[in-house]
Novice: 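Here's a structure for you.
Counting starts at 1 for both ligands and their atoms, following the listed order.
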Amino acid sequence: MNYNIKFVKDFIQLATNGYKQNWHERNGGNLSYRLKKEEIENITQYCNFSSDYRPIETSVPKLAGEYFMVTGSGKFFKNVVLDPEDNICIIQIDDKGENYRILWGLKNGGRPTSELPTHLMNHEIKKVTTDNKHRVIYHCHPTNIIALTFVLPLDYKIFTRELWEMATECPIVFLNGIGIVDWMVPGGKEIAMATSKLMNKFDAVIWAHHGLFCSGEDFDITFGLTHTIEKSAEILVKVLSMGGNKLQTITSKNFRDLAVDFKVSLPEEFLFEK
Ligand code: 13P
Ligand code: ZN
């Protein structure tokens, strides 16, 4: 592999940066990237097209033939930069959208992340709803977001509003809010269906007592979204830890004023009076 190719470099860098943020204990978290046509041409020479197809365990017909770079199941984010070829892979989806084959990577064996059904179902929804723009799906285990799922009601309106209040730029960065999936068994089609349904509306979905999924156009946007959400969650945890009694905050009126100046339209469902 040529590690100077931009998407390859960016993929590895995100894994390293996520690890440095403490969002990837052990093998926690996973990352996937949908390759562009010209990027596929640049990596074909490194691919082995004779590997067997294996079932995805869900169906993603709109991703037929697509190529993805994906982290391996059980692999540690901390090790991605040290030995990419052992920890990540490039896969291709078959012409029905039901199977995948490994073209490159995982040189010592293994398979793509156990959350492949959720990654691919999210990619499929985002490919359609963003007119082919979103290409990165990122799952991590950020401490403060997870902590909040034990003390806030698992209601997307309350979560979104509470996090918006913690940092002025939040409503600009995650304008459509954050979705929430109640606790479910990870790693299968059920949780993939629940998550991708919410990805119709949101770019970020919380898995209660587990972690966060974010979607974006590129690695910076997706990592930045994750970082912004977790930062505001950290502030909220600190506020709650100081007794949780806010003497002042950003109000619904303040948000409406912000929307005018920033020329955005904030969904009214988050601007309720408290
Ligand atoms: P994988 O090692 O299979 O990617 O699983 C990690 C994880 O975070 C599961 O939700
Ligand atoms: Zn996880």
Novice: Just to confirm my output: which protein heavy-atom neighbour is closest to atom 7 (C) of ligand 1, and how far is it?
Specialist: N30 ND2, 3.4 Å

Novice: Look at the side chain of S114 and the backbone N and O of S73, then say whether any donor-acceptor pair between them is shorter than 3.5 Å.
Specialist: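 No; zero donor-acceptor contacts below 3.5 Å.
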
Novice: With rounding to 10 degrees, what does the angle H139:NE2 / the Zn ion (ligand 2) / H210:NE2 come to?
Specialist: 100°

Novice: Atoms of ligand 1 less than 4.0 Å from N27 heavy atoms?
Specialist: 1 (P), 2 (O), 5 (O), 6 (C)

Novice: Where does T113 meet ligand 1, judged by heavy-atom distances below 4.0 Å: at the side chain, the backbone, both, or neither?
Specialist: both

Novice: Under 3.5 Å, N or O to N or O, is S73 touching ligand 1 that way?
Specialist: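 Yes, at least one N or O pair falls under 3.5 Å.
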
Novice: At less than 4.0 angstrom from any non-hydrogen atom of H141, what atoms of ligand 1 do you find?
Specialist: 8 (O)

Novice: For F272, does its backbone N or O pair with a side-chain atom of R161 as donor and acceptor, under 3.5 Å?
Specialist: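 Yes; at least one donor-acceptor contact below 3.5 Å.
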
Novice: Please write down residue, atom name and distance for the protein heavy atom closest to atom 8 (O) of ligand 1.
Specialist: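 Nearest neighbour among protein heavy atoms for atom 8 (O) of ligand 1, to 0.1 Å: G29 N, 2.9 Å.
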
Novice: Need the ligand 1 atom indices (1-based, order shown) with element for anything under 4.0 Å from a heavy-atom of H139.
Specialist: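 Answer, ordered by atom number: 8 (O), 10 (O).
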
Novice: So if I count the atoms of ligand 1 from 1 in the order they appear, which ones are less than 4.0 Å from some heavy atom of E115?
Specialist: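 In order of number, 9 (C), 10 (O).
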
Novice: Determine whether a donor-acceptor pair (N or O, by modelled atom type, separation under 3.5 Å) exists between the side chain of K78 and the backbone of Y19.
Specialist: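 No.
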
Novice: Taking G187's backbone N and O only, do any of them form a donor-acceptor pair with E115's side chain (distance below 3.5 Å, no angle check)?
Specialist: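 Yes; at least one donor-acceptor contact below 3.5 Å.
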
Novice: Nearest protein heavy-atom contact for atom 5 (O) of ligand 1: which residue, which atom, what distance?
Specialist: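 For this ligand atom, the closest protein heavy atom is S114 OG, 3.4 Å.
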
Novice: Under a 4.0 angstrom heavy-atom cut-off, which atoms of ligand 1 come close to G74?
Specialist: 1 (P), 2 (O), 3 (O)

Novice: Could you point out which residue of F159, F270, Y156 forms a ring pair (Phe, Tyr, Trp, His ring centres under 6.0 Å) with W164?
Specialist: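 It is F270, the one option of F159, F270, Y156 that forms the ring pair (Phe, Tyr, Trp, His ring centres under 6.0 Å) with W164.
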
Novice: Checking the N or O distance criterion of under 3.5 Å, is ligand 1 in contact with P186?
Specialist: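 Between P186 and ligand 1, no N or O pair is found under 3.5 Å apart.
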
Novice: H141 and W207: aromatic ring centres closer than 6.0 Å?
Specialist: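 No, ring centres 6.0 Å or more apart.
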
Novice: Can you tell me if E124 uses its side chain to pair, donor with acceptor, with the backbone of K62 under 3.5 Å?
Specialist: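 Present.
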
Novice: Donor-acceptor pair, R135 side chain versus D218 backbone, under 3.5 Å?
Specialist: no

Novice: Whether the Y33 and E39 side chains hold a donor-acceptor pair (N or O, under 3.5 Å, no angle test) is what I'd like checked.
Specialist: yes

Novice: Which atoms of ligand 1 sit under 4.0 Å from any heavy atom of H210?
Specialist: 10 (O)

Novice: Quick check: does H141 have an N/O/S atom under 2.8 Å of the Zn ion (ligand 2)?
Specialist: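 Yes - counting backbone and side chain alike, H141 has an N, O or S atom under 2.8 Å.
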
